[in-house]
Amino acid sequence: MSQDSSKPPSPPPGSGTGSQPSGGDMPLWGDQWSGAAPAAGGMGPPPSGNSAWAAGGATFAGVLLLVNGALNILQGISAIAKDDVYARVHDYVYRINLTGWGWILLILGAVAAVTGWGILKDAGWARVTGIVLASLSMLFQFMFLPYAPIWSVIMIAIDVFIIWALASYRPDARQPR
């Protein structure tokens, strides 16, 4: 009995493919057994942790952490040096002396710059540390909103990108070039 070449080969026994969300003969992400592309209108393969986008995003996140750290250091120094650099905000829930904010930003910036350098050097500890630091930076920038609202919103958006890029990158899954 010959097999019809217009149909994709059947999956291996016991693979339990079930019904496909695309409604067609082929899975939404393509036919994993024959290597065929998805049916017309399909979305293509999902991005993997070893794709060029993930690696480029992680490198860019390392650069952003390095630059963000340097900017936080400068922002912290300016708040420490002169307590009236930023506008005074009265009746704010998270009211802290600007000198205190300066020390927080200075320390967080120094650690972020070192972590960004570690990410660029592909250090294993740097990815997790980068995610933690970007999360802390988001929290502190939220608390700094009344003092520099536009800057804080931009930094929160950058921190979200850093978290996404570092969380989606899988350096152990890289394929040899």
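Only this structure's heavy atoms are used, side chains among them; waters, hydrogens and symmetry mates stay out.
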Heavy-atom closest contact ([X] atom, [Y] atom, distance):
X	Y	answer
Ala61	Ala165	CB-CB, 3.9 Å
Leu66	Leu120	CD2-CD1, 4.2 Å
Ala79	Gly102	CB-CA, 3.7 Å

Which residues share a side chain to side chain contact (heavy atoms under 4.5 Å, CB included) with [X], sequence neighbours left out:
X	answer
Val160	Met138
Leu106	Ile73, Ile77, Ile80, Trp103
Ala123	Trp125, Ala126

Should [X] and [Y] be counted in the same cluster of Ile, Leu, Val, Met, Phe, Trp and Tyr side chains packed under 4.5 Å apart?
X	Y	value
Ile163	Phe142	yes
Leu71	Phe60	yes
Leu166	Trp164	yes
Val111	Leu136	yes

Kindly write out the residues that satisfy side chain to side chain donor-acceptor pair (under 3.5 Å) with Ser152, not counting sequence neighbours, or none if the list is empty.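 Checked Ser152 against side chain to side chain donor-acceptor pair (under 3.5 Å); matches are Gln141.
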
With sequence neighbours left out, write down each residue that passes side chain to side chain donor-acceptor pair (under 3.5 Å) with Thr115, or none if nothing qualifies.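 Per chain and number, Thr115 pairs via side chain to side chain donor-acceptor pair (under 3.5 Å) with no residue.
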
Are any of the side-chain heavy atoms of Ser135 and Asp159 separated by less than 4.5 Å?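 Not touching, per the 4.5 Å side-chain cut-off.
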
Do Met143 and Trp101 make a side-chain contact, defined as non-hydrogen atoms from C-beta onward lying under 4.5 Å apart?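 Yes, at least one pair of side-chain atoms sits under 4.5 Å.
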
Atom [atom1] of [X] and atom [atom2] of [Y]: how far apart are they, to the nearest 0.5 Å?
X	Y	atom1	atom2	value
Leu64	Ile162	CG	CD1	5.0 Å
Ile119	Leu65	CD1	CG	5.0 Å
Ile104	Ser137	CD1	OG	12.0 Å

Count the heavy atoms of every other residue, nucleotide or ligand shown that sit under 6.0 Å from CZ of Phe161, and state whether that count exceeds 12.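 Atom CZ in Phe161 is crowded, with more than 12 foreign heavy atoms closer than 6.0 Å.
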
Kindly give the cluster partners of Ile107, where membership spreads through any ILVMFWY side chain lying under 4.5 Å from a current member.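 Once heavy-atom contacts under 4.5 Å are chained together, Ile107 still belongs with nothing else.
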
Go through the steps for Leu133 and Asn68 under the test side chain to side chain contact (heavy atoms under 4.5 Å, CB included), then give the verdict. CA-CA 11 Å; Leu133 284 175; Asn68 187 8; over 6 Å; no

